[in-house]
Amino acid sequence: MSEHRETFDAVVVGSGPNGLSAAIALAQSGASVLVLEASDEIGGGTRTAELTLPGFRHDVCSAVHTTGILSPFFRSLPLDEHGLQWIVPRASVAHPLDEQPAVMMWGSLEDTCAGLGADSSAYRNLVAPFLDNPEGFFGDVLGPLGWPRHPAMFLCFGVRAMWPATTFANWRFQQSRAKALFAGCAGHAVLPLDKMFTAALGLIFSIAGQVESWPVAAGGSEAIPRALGSLLRELGGEIRTGVRVTAAAELPAARVYLFDTSPDQLASIGKSALPGAYLRRLGRYRYGPGVFKLDWALDGPIPWRDPDCLAASTVHLGGTLEEIAAGESAMFRGKHPERPYVILCQQSQLDPSRAPEDKHTGYAYCHVPGGSTADMTDAIENQVERFAPGFKDRILSRHKMNPVDFYRYNPNYVGGAITGGVADVFQLFTRPVARLDPYTTPNPRVLLCSASTPPGGGVHGMCGYHAAQSALKQMPNFEPSPLLA
Ligand SMILES: Cc1cc2nc3c(=O)[nH]c(=O)nc-3n(C[C@H](O)[C@H](O)[C@H](O)COP(=O)(O)OP(=O)(O)OC[C@H]3O[C@@H](n4cnc5c(N)ncnc54)[C@H](O)[C@@H]3O)c2cc1C
């Protein structure tokens with residue numbers, strides 16, 4: 001790389017949604033930007049591929065873009081002009097239960113509440129206050145820790161979000177249906193549901209579903225980086241793929257460097273440019289559990305016992321709050337539960353381009369201990385079969401990925417962890433380490449912009465956007481030079 005003798009205002013290492021968002025925010029301010037990507041394709045956790053049979057297009061990682069459609073930064077960009085189209089389902093979530101109709105999170109709050117029996121009012125009262133100003137709410141929730149722009153609403157959120165999901169749901173709701181719906185949403189936290197702050201994700205996803213039903217991207221998740229990359233190029237940015245950066249000396253001269261990488265890669269690549277004490281703190285970063293994922297080519301739709309389930313982009317499998325909480329807790333202690341909590345997405349129900357005519361794709365994963373190589377195929381497929389008898393007969397082909405495969409696929413998924421690191425009370429706001437500005441490092445020219453910074457995992461680009469704001473403050477203070485100089 002160094003023989004190019006070229007200079008940039010900013011170099012971004014990694015082209016995930018955060019790397020591309022950082023690059024766009026910088027280019028919008030007139031900076032010259034180069035993005036370097038290890039893989040042959042941009043996109044990180046947002047790629048799509050024929051993993052099973054020809055004509056079946058599967059999302060390798062992210063599938064449903066709840067935070068994508070609500071991201072303040074994405075919403076500010078003309079991504080539709082660059083080919084991104086969200087497909088919004090009638091329901092965000094279906095949560096099947098044994099021997100009763102599935103609990104549904106419909107697009108309308110009234111319809112959702114209608115299925116919650118005695119908890120109808122409690123659910124409405126929980127979600128409705130945040131629907132008056134959803135843009136304001138998601139602007140604060142997807143921002144770094146600081147004084148919120150809408151303090152009253154944020155306080156109202158904070159006093160609920162701080163609780164363990166189990167405590168909160170048991171206090172708020174009387175019946176199993178609303179409790180299960182809330183637990184399914186909170187389960188995305190990849191934490192035991194009796195940990196403080198796990199109610200936060202339950203609440204965020206419940207609110208999100210009543211603002212915009214959880215969508216998929218037309219044509220596959222790869223449409224997101226494709227649109228971001230196209231916009232970046234239009235703004236004058238440059239992207240090079242197939243370039244895995246391993247040391248600071250490989251980077252061209254620039255004023256600032258932004259890393260859309262894991263903290264351990266930042267430490268490894270930037271070791272000559274960062275103080276030892278900071279490197280040691282990065283070394284103590286906790287990545288958390290991994291995932292085991294299956295993709296299926298299916299001979300038809302999933303034969304749910306309750307056909308309403310077909311209306312949802314996402315199906316939470318795991319039964320009651322108690323069952324989901326027990327499974328997630330066991331998983332966090334290093335076990336592989338027989339009946340895991342499973343997140344299932346059915347993109348082809350919404351987007352016919354994902355599978356040949358009359359065929360379908362299926363996508364499901366469960367959380368497993370970091371680095372696990374256990375095969376969870378039977379456990380996941382049994383959970384589907386439990387609520388959709390005859391499902392297994394529809395499988396034409398399957399593709400498996402365990403945490404080791406995920407790490408090999410993307411070096412940001414350390415131990416197979418998909419959210420950029422544990423988002424518990426100790427690491428939620430202080431990722432990767434406790435600093436006033438979490439995107440900066442002790443070297444003012446080196447910044448982190450990946451999901452290992454606030455607001456954390458998910459395809460929303462907000463980590464990249466906020467990191468770019470920090471980088472823009474530093475840029476005028478430096479002339480372009482190699483990182484080691
Ligand atoms: C199975 C799974 C399911 C998920 N489901 C969802 C979902 O439904 N919805 C959702 O919103 N999110 C989901 N996520 C999470 C989401 O994909 C991530 O949070 C998001 O992609 C993080 O973006 P990022 O830009 O921080 O990093 P990444 O997307 O991981 O991108 C980082 C990029 O940097 C590159 N890179 C790393 N190191 C180097 C290097 N040294 N040199 C050059 N390039 C490098 C990588 O190749 C990669 O392309 C899922 C993730 C997984 C794995």
Side-chain angles (χ1 to χ4, degrees), residues 16-17 20 41-52 55-71 74-75 77 79-80 82-95 102 104-107 138 184-185 188 204-206 208-229 291 293-298 300-302 304 308-317 342-365 384 399 401 418-419 457-461:
L20 292 173
E41 267 181 73
I42 61 169
T46 49
R47 300 193 190 106
T48 304
E50 287 187 349
L51 297 175
T52 53
F56 291 83
R57 295 179 47 71
H58 305 276
D59 293 325
V60 184
C61 301
S62 78
V64 171
H65 296 102
T66 318
T67 53
I69 195 169
L70 294 172
S71 158
F74 284 4
R75 284 166 90 97
L77 304 174
L79 296 178
D80 52 341
H82 292 265
L84 177 60
Q85 191 200 332
W86 298 117
I87 304 180
V88 178
R90 286 195 296 131
S92 296
V93 176
H95 191 122
M104 300 294 298
M105 187 191 288
W106 294 107
F138 283 99
C185 292
H188 287 255
I204 290 171
F205 279 157
S206 303
Q210 304 307 161
V211 180
E212 291 274 14
S213 290
W214 303 5
V216 302
S221 297
E222 68 175 16
I224 301 168
R226 198 173 278 168
L228 291 168
V291 298
K293 174 170 178 270
L294 292 175
D295 286 283
W296 299 287
L298 299 172
I302 300 178
W304 299 111
D308 270 355
C309 292
L310 287 176
S313 56
T314 307
V315 186
H316 292 151
L317 302 172
V342 173
I343 295 172
L344 182 147
C345 304
Q346 32 190 14
Q347 296 92 322
S348 63
Q349 283 299 329
L350 302 167
D351 179 2
S353 78
R354 306 294 186 99
E357 210 177 333
D358 297 330
K359 307 283 184 239
H360 281 276
T361 58
Y363 158 123
Y365 66 83
V384 188
H399 178 268
M401 280 176 93
I418 67 168
T419 57
V459 176
H460 42 65

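Computation of the quantities below employed the complete heavy-atom set of this structure, encompassing side-chain atoms and omitting hydrogens, waters and symmetry-equivalent molecules. In this chain, numbering begins with 1 at the start of the sequence shown.
The two residues Arg57 and Gly219 have their closest heavy-atom pair at NH2-O, 3.4 Å. Shown here for Ser313 and Leu350, the closest heavy-atom pair between the two residues is CB-CD1, 3.8 Å. When all heavy atoms of Gly209 and Ser92 are compared, the closest pair comes out as CA-OG, 3.5 Å.
Shown here are the side-chain hydrogen bond (donor to acceptor under 3.5 Å, both in side chains) partners of His58, two or more places apart in sequence or in another chain: Thr52. Applying the side chain to side chain contact (heavy atoms under 4.5 Å, CB included) criterion to Ser221, with sequence neighbours excluded, gives Thr46, Thr48, Asp59, Ser62, His65. Pro356 meets the side chain to side chain contact (heavy atoms under 4.5 Å, CB included) test with Phe56, Lys359; sequence neighbours excluded. The side-chain hydrogen bond (donor to acceptor under 3.5 Å, both in side chains) test applied to Trp296 returns Glu381, not counting sequence neighbours. Every residue two or more places apart in sequence or in another chain that forms a side chain to side chain contact (heavy atoms under 4.5 Å, CB included) with Pro215 is listed here: Ile69, Trp86, Val88. Take Arg226 and apply the side-chain hydrogen bond (donor to acceptor under 3.5 Å, both in side chains) test, not counting sequence neighbours, and it matches Glu222.
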Could you give me the CA-CA distance, side-chain angles and deciding distance for Phe138 and Ile204, then say whether side chain to side chain contact (heavy atoms under 4.5 Å, CB included) is met? CA-CA 9 Å; Phe138 283 99; Ile204 290 171; 3.9 Å; yes
I would like to know whether Gln346 and Val315 meet side chain to side chain contact (heavy atoms under 4.5 Å, CB included); could you show each step before the answer? CA-CA 8 Å; Gln346 32 190 14; Val315 186; 3.6 Å; yes
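Remark: side-chain polar atoms of Asp295 are not paired, donor with acceptor, to backbone N or O of Tyr363 under 3.5 angstrom. No donor-acceptor distance shorter than 3.5 angstrom exists from the side chain of Gln347 to the backbone of Ala218, with no hydrogens or angles considered.
The aromatic rings of Trp214 and Phe205 lie tilted to each other, with the angle between the two planes from 30° to 60°.
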